[in-house]
Amino acid sequence: MEFHAIIFCGKGNLLSPFSSVRASGVPKALLPIANKAMIEYVLEWCDQAPFKEVTVVCDNDDFVAIKPVVDAYINLKRDKDILKFSKMNCIGFDGELLTTTGEIVNSLRDRIISDFVILPCDFITDLPPQVLIEAYRNRSADDLGLGIFYHNSFENIDKKLLKSNYTIYSSQDDGHDNFLDLYSKESIDLQKALQVRTQMIWRYPKSIVSTKLLDSFIFFCSFKILSIVHEEFSKNKANKSCTKIMRDLARRSWKHSTERETIGFFLLPKQCAFVRCNNLSSYLEANRYYLKLQLKSLIQPSIVPKEKGAATIGADSKIGENTNISERTSVKRSVVGNNCNIGKRCRLTGCIIMDNVIVEDEVLLENCIVGAKVVISTKSKLTNCNIEANYTVLKGTQAKGETIIQTSLEGLEDEDDDYGSLYGELSDENEETGPNELGVSEEDEDEYDDYDEEEFEDEFGDTDFFSR
Amino acid sequence: MAPKNKKQKEIVQDERLQAIVLTDSYETKFMPLTSVEPRCLLPLCNVPLIEYTLEFLAKAGVDEVYLMCCSHADKVQTYIDGSKWNQAGSPFKINTIMSLESRSVGDAMRDLDNRGLITGDFLLVSGDVVTNIQFDEVLSAHRQRRLIDKDHIVTMVLTQASPLHRTRSQSVPSTFILDKKTDRCLYYQDIPSINGLKASISVDPDLLEDVDEFVIRNDLIDCHVDICSPLVPVIFQENFDYQYLRRDFVRGTLSSDLLKKTIYAYITNEDYAARVESWQTYDAISQDILERWCYPIAPDSNLLEDQSYTYESKHIYKEKDIRLSQSCKIGSCVVIGSNSFIGDASQVENSVIGRNCQIGTNVIIKNSYIWDNSIIKDNCQIEHSIVASNSVINQNVKLNSGSVIGFNVVIGDNVIVAENTRIVERPVKHLSDSSYIGDSLSSDDEFYQDIQAKRAAEEKENIVEVDEGAVNDPAIVGENGIGFAYDSESEYGDYDDDEVSSSSKHYHGLVYKLDELYLSDTSIVSSMPNRRKKRRTYSSASHATATDAEHDYNNNTDGEEDDEEDFNKEAIATVERAMENNHDLDTALLELNTLRMSMNVTYHDVRLATCTALLQRIEHFINTQTLGVKDSVHKIFGKWGQLFKRQVFEDEEQVDLLNILESLCSKLPNNNGPTIFTLALNDLYDNDILDEVNILKWWNQEGYAGKDENTRKVASKWIEWLAEAEEESDGSAEE
């Protein structure tokens, strides 16, 4: 395939406390989904294509952790046939210098010699890459690139956590859709108005605005974009994420008097599953999605004659290696990592238990995410809780909808947040998952802040629409 | 029991379908012809406009028709009384309502409400609709939606077209925001035409709540065929300031928090529906009819009883008893009325010729409309023009594009009529189409008497607003001609051509524009340079049209003409209001921002206005001796100086702000200026709006000569202090 895939590994700000925004966390790309690192799914997806070259890009801090995983994937899991014509590598960058994905792409421009695809490290889909590649190949001649958008197909994901925007696109009669503009909900709410430029309405008299579409952060870009982006970056030192760059390119297509290249718009078909695990709710759903797949793949549930009193492990659950589950414990719709020890008479429902966790006897866990090396003491009862790695839950703890994090542990990043109590008692989960970390953001937190009006006017100023 | 009641009510509604026809447009787009004839009786393809509307109503199965008449109401009534609609076989009962005092659609609706004629859902159309839509489908769609959505009060019929479609109104390109699934209308706005102002539609996100996907449509023809519930006149009554059906009523209803009523669109792309609302659409619709786009409405369907058109190939329609000389050439799309004669070697194409017309030899008529009883003598050339009834065009005349020759006008030999000239038999007082015959006008007539000499009173009596006793204008109509240029420019003074930026005006009344539009349909960009030039040339004429519009309309015009001045005024008022009522900063900023966007001005203007307002306030304090100089400056700039935080972004802008402030202060009376300036400077610096670097830059950059000396003197101390302070801080940083 003619593409160079670039996978951006973000920090996963909304996946706190499990992502590397906290000292105990791991980079988002390495969080396990059904006991396999997230990035491996993306790499596998790429190899379905396969792309001519795959580059995993991550912050230098995360590089140490991600590099071995990528290497292991290349050496152990990758099909030897693919190796011959598809390169795969992992590079780090200095997070202090390059703060946006756009800048990173710009800095990579010497490496990119063909059309390229920008991918996030956190998407899970059953859609083969060929669909998107075909969509890109069938783009209209004027399209510079193709933005991929999707509707959330998972009902159980907390809608409030999905970052939906006002996405404006236009459906052409010939079946080609054009991406026109994007506003974040926050900026609209702040401005109390959705501003639609008349230029756009004249150029695209039937533009559709959707408030439910989600940005996949998958962009197919033609080689030409690089030079435009480079020009843009050298002209004004705008720090823009890829999403913003695509948005600006989309705006560029209608705001000038002469026709410019357009940006294609592709909406993932409704029947495919697509989710970006960039918040805890969708992370949980992605895990369950794989469990369901596992359940479906079992044509006939193997009926093993059960010893009396043995642990019950549902066919919709996945247990890691070297994990011991004691008697009278039932595990349903859950993933249990490697080297865990689950005690007697426990009940785990809809949970994600990461590696090296010790769950003592008679623990009830429901819809919890349990970080690595956590110890949950006996008789605890936790519902909808997120427990940070290395934490020890005391005996008989009962909690609901809480995020339990470390407060005093060596090597913690300095935090401004006042988690005075043992539990970060934030009754409202949303609040918790909000951007309480002001770390360098990758794609997740990037706000599509509103037009810098000044700039926008200037741009219009010299290009009198339709008059030259 | 509620459901039962509802059912009963519905039965009542089903009993008869009422239609309200607004025969008047309450606009002036068809001046000067509408000074003589009501618009709805102007012929379109040799049939009075109103016939098309009534034909549509007959097909729609309407039981009762009420014609709301305003200007020339007596003529409309006479016409209707004598028409087939008033005879025994008429499919509906027709009534004319004299609503002589209406000045807008809103007035007519209020009048309607007062009369209490409406019994159920009714059809509201304007008297200029040409359509072949299947109305029963619309009605059933309306009723079905009503079952789902009880708050549904209006269904608007819209047809799909391209944004620059020739039948689309270019003067008021309207944008509808519709729910993608249900076609519920969420918002409506007129937008500037394609080469007009760059603007934006701003939609309150509250209106978009609960809507997943909506479409912004700029490609719909709004033919003003609406099905309304009886509530609509009531809403007009309650909101006595509503004038326009769309601009006021639709927008008002949609954005009202209290009303909670919904409006839906019915979009059709198969049927034909359009409104003859300007010369541009008059031309477009005529051609559409000839090309049979709105079949079964075509000349050969003979809407009038005495018509006898037959259809021939190439879209030629001929009535009985016409005489065509052998060597004349009839091109495609031509209608010729009975008893007309076309002489040797004359060419006619894409044109309509009325009854009893005499066309001489060697005449060329293209894309023009010759109404009944006109005489066109030899060797004339007529293109893209309208020649109204009973006029005479003498030999060798050339009518250039966009000419409108009024009723009974005589054009002398060898005259060349310039483009877009409109000629009337007698000077016309500038009034809207809706002008009514009333005494109140006579006083205005004096206006003319200064300019015009008296003339014998042998003129017909029934002429409206005509000032009798004027001399013909030989420059326009030739030596032996009769007529005047219809031109209101002289009365309204000179207008700067460049300022007439609203192209909404520039479409009015210019048949000529059409071709431009056709062109642009295919290649928007390439035709633009052309149009811009044209605009310059004709803006005076087009402007004139706009100025005689109603008062409301005028306000718009002014706004576009001198945005900046207006902005200044408005913005100053906004800031003053904010200070007086102690608004919070965000509100004030939001208001300013909205203003800035709507008027399309730069931040420089915003800063200027803000500074002016703040200084005025300070001055006020000082003058009324409420506060001392220092206190008042501190009070105002301390709090309201924050406004600049969102007005000043770049370094250069800080310098700009300083320049503005300095120049404004230097103009202040009582020699307070320099002090105020320095104090303000201090406050702005304290609030981090100005950086010391930029202040110093400003200070050093400008030549001493360019500044007010006093200001400089007073400020220099402060600047010195600043420079020192900076050095100090630099120094300490180094340590």
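Basis for what follows: all heavy atoms, side chains included, without hydrogens, waters or symmetry-related copies. The structure presented is a predicted model; accordingly, all values stated were derived computationally and were not measured. Protein chains get the first letters and strands the later ones, always in sequence-line order, with residue 1 at the start of each.
Here the closest heavy-atom approach between residue B/V211 and residue A/T211 is recorded as O-OG1, 2.8 Å.
Atom NZ of A/K224 is surrounded by 12 or fewer heavy atoms from other residues, nucleotides or ligands within 6.0 Å.
Between B/K180 and A/I208, the closest side-chain pair of non-hydrogen atoms falls below 4.5 Å.
Within the model, atoms OG1 of A/T198 and CD1 of B/I201 stand 7.5 Å from one another, a figure rounded to the nearest 0.5 Å. B/N593 CG to A/K192 NZ: the interatomic distance, rounded to the nearest 0.5 Å, is 12.0 Å.
Checked against A/S207 for a side-chain contact (heavy atoms from CB on, under 4.5 Å), the options B/N218, B/I216, B/V215 give a single hit: B/I216.
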### Query
Given B/E213 and A/V209, is the side-chain contact (heavy atoms from CB on, under 4.5 Å) satisfied, shown in steps?
CA-CA 6 Å; B/E213 272 196 318; A/V209 185; over 6 Å; no

### Query
Could you walk me through whether A/K206 and B/D219 pass the salt bridge (charged side-chain N to carboxylate O under 4.0 Å, His left out) check?
CA-CA 7 Å; A/K206 199 177 164 186; B/D219 58 347; 5.5 Å; no

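Heavy-atom pairs under 4.5 Å with chain B were tallied for A/I188, A/D189, A/L194; the largest tally goes to A/L194.
Neither the backbone nor the side chain of B/Q189 comes within less than 4.5 Å of any heavy atom in chain A.
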